[in-house]
Amino acid sequence: MFPDIFLQGWDGPLRILIVGPVAYILLITLLRLTGKRTLSKLNAFDLVVTVALGSVLATLILNKDTPLIEGLTAMAVLVALQLVVTWTTVRHPELRRLVRADPALLLAGGRLRRDTLRAERITEDEVLQAIRDSGGHGFADADAVFLQSDGSLAVVSREA
């Protein structure tokens, strides 16, 4: 019984050695064919697709009950949905708001916009860290700080 924890036969590891590289190569091929946008981090939807692709790949490799073709079909569906959504939002700006959040101004002219910080659940320390990461020392060193649609903080430094 105790040895079953480490190895329950060679079928599992052998399947992983075969399915893992095949699924990986096919996923990389699919991503290269569909372009850079498929794995971008431009918005929350892009992040969800990236995480979902990783989850499908892991399930395909580790779950012996998931046939290779089903996992590859799931990956293809996620990538196709990503293409449809991005194609649609590029051509129909009014639909863009459903998928992509607008940037939020957190600091302007060296002054924090506390209502926006609270609404976006961002702390002063996080804004200050972003300013330091961009080479500044304090709030006065930034003309503006934006919370981007991908969740990153963008700092516009003050002109010296």
Side-chain angles (χ1 to χ4, degrees), residues 8 10-108 112-113 115-136 142-157:
Q8 297 175 351
W10 289 101
D11 291 348
L14 184 60
R15 182 185 180 283
I16 290 170
L17 287 172
I18 294 169
V19 171
V22 170
Y24 179 78
I25 289 168
L26 291 173
L27 178 59
I28 296 299
T29 303
L30 185 63
L31 295 175
R32 291 293 293 152
L33 290 173
T34 58
K36 296 173 188 158
R37 174 62 194 257
T38 305
L39 284 182
S40 70
K41 61 171 194 159
L42 295 177
N43 60 54
F45 180 76
D46 296 325
L47 175 65
V48 167
V49 170
T50 302
V51 170
L53 283 169
S55 178
V56 170
L57 181 62
T59 298
L60 179 58
I61 291 171
L62 295 175
N63 186 344
K64 66 181 179 184
D65 296 330
T66 305
L68 180 61
I69 194 69
E70 288 182 15
L72 296 177
T73 302
M75 287 185 226
V77 165
L78 287 170
V79 169
L81 289 171
Q82 171 75 349
L83 287 172
V84 168
V85 168
T86 55
W87 185 89
T88 303
T89 58
V90 165
R91 284 156 185 79
H92 301 283
E94 63 278 2
L95 298 176
R96 196 173 302 148
R97 286 192 194 99
L98 295 174
V99 176
R100 185 176 182 148
D102 291 328
L105 181 62
L106 304 176
L107 178 137
L112 288 168
R113 301 182 71 193
D115 289 346
T116 307
L117 287 174
R118 201 170 14 263
E120 298 293 344
R121 298 182 319 275
I122 302 291
T123 67
E124 291 181 25
D125 289 339
E126 290 168 322
V127 174
L128 189 56
Q129 184 62 50
I131 293 169
R132 288 184 187 133
D133 289 346
S134 71
D143 194 42
V145 176
F146 293 91
L147 174 62
Q148 302 289 64
S149 60
D150 68 353
S152 64
L153 296 177
V155 177
V156 178
S157 299

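- In this structure, Thr66 and Gly71 approach most closely via the heavy-atom pair CG2-N, 4.3 Å.
- Taking all atoms of both residues into account, the shortest heavy-atom contact from Ala23 to Leu72 is CA-CD2, 4.2 Å.
- Checking side-chain atoms of Thr29 against main-chain N and O of Ile25 turns up a donor-acceptor pair under 3.5 Å.
- Nearest heavy-atom pair, Val155 versus Ala130, reported as atom, atom and distance to 0.1 Å: CG2-O, 3.5 Å.
- In the model, Asp125 has no side-chain atom that pairs as donor or acceptor with a side-chain atom of Gln129 under 3.5 Å.
- Shown here is Arg91, whose CZ atom has more than 12 heavy atoms of other residues, nucleotides or ligands within 6.0 Å.
- Across all their heavy atoms, Thr86 and Leu83 have their closest contact at OG1-O, 3.2 Å.
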Mind running side chain to side chain contact (heavy atoms under 4.5 Å, CB included) on Leu147 and Leu153 for me, showing each step along the way?
CA-CA 5 Å; Leu147 174 62; Leu153 296 177; 3.7 Å; yes
Before you tell me yes or no, could you show the steps for Ile16 and Leu62 under side chain to side chain contact (heavy atoms under 4.5 Å, CB included), namely the whole-Å CA-CA distance, both residues' side-chain angles and the distance that decides it to 0.1 Å?
CA-CA 7 Å; Ile16 290 170; Leu62 295 175; 3.9 Å; yes
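- Closest non-hydrogen pair, Ile122 versus Leu106, comes out as CG2-CD1, 4.1 Å.
- To the nearest 0.5 angstrom, Leu95 atom CG is 6.5 Å from His92 atom NE2.
- Although no hydrogens or angles enter the test, the distance criterion places a donor-acceptor pair under 3.5 Å between the side chain of Arg15 and the main chain of Ile61.
- Side-chain N or O atoms of Glu70 include none that pairs as donor or acceptor with a backbone N or O of Pro67 at under 3.5 Å.
- Leu60 CG to Ile69 CD1: the interatomic distance, rounded to the nearest 0.5 Å, is 10.0 Å.
- The CZ atom of Phe146 lies 12.0 Å from the CG atom of Asp102; values are rounded to the nearest 0.5 Å.
- For Leu27, the side-chain contact (heavy atoms from CB on, under 4.5 Å) partners at least two apart in sequence or on another chain are Leu31, Leu53, Leu57, Met75.
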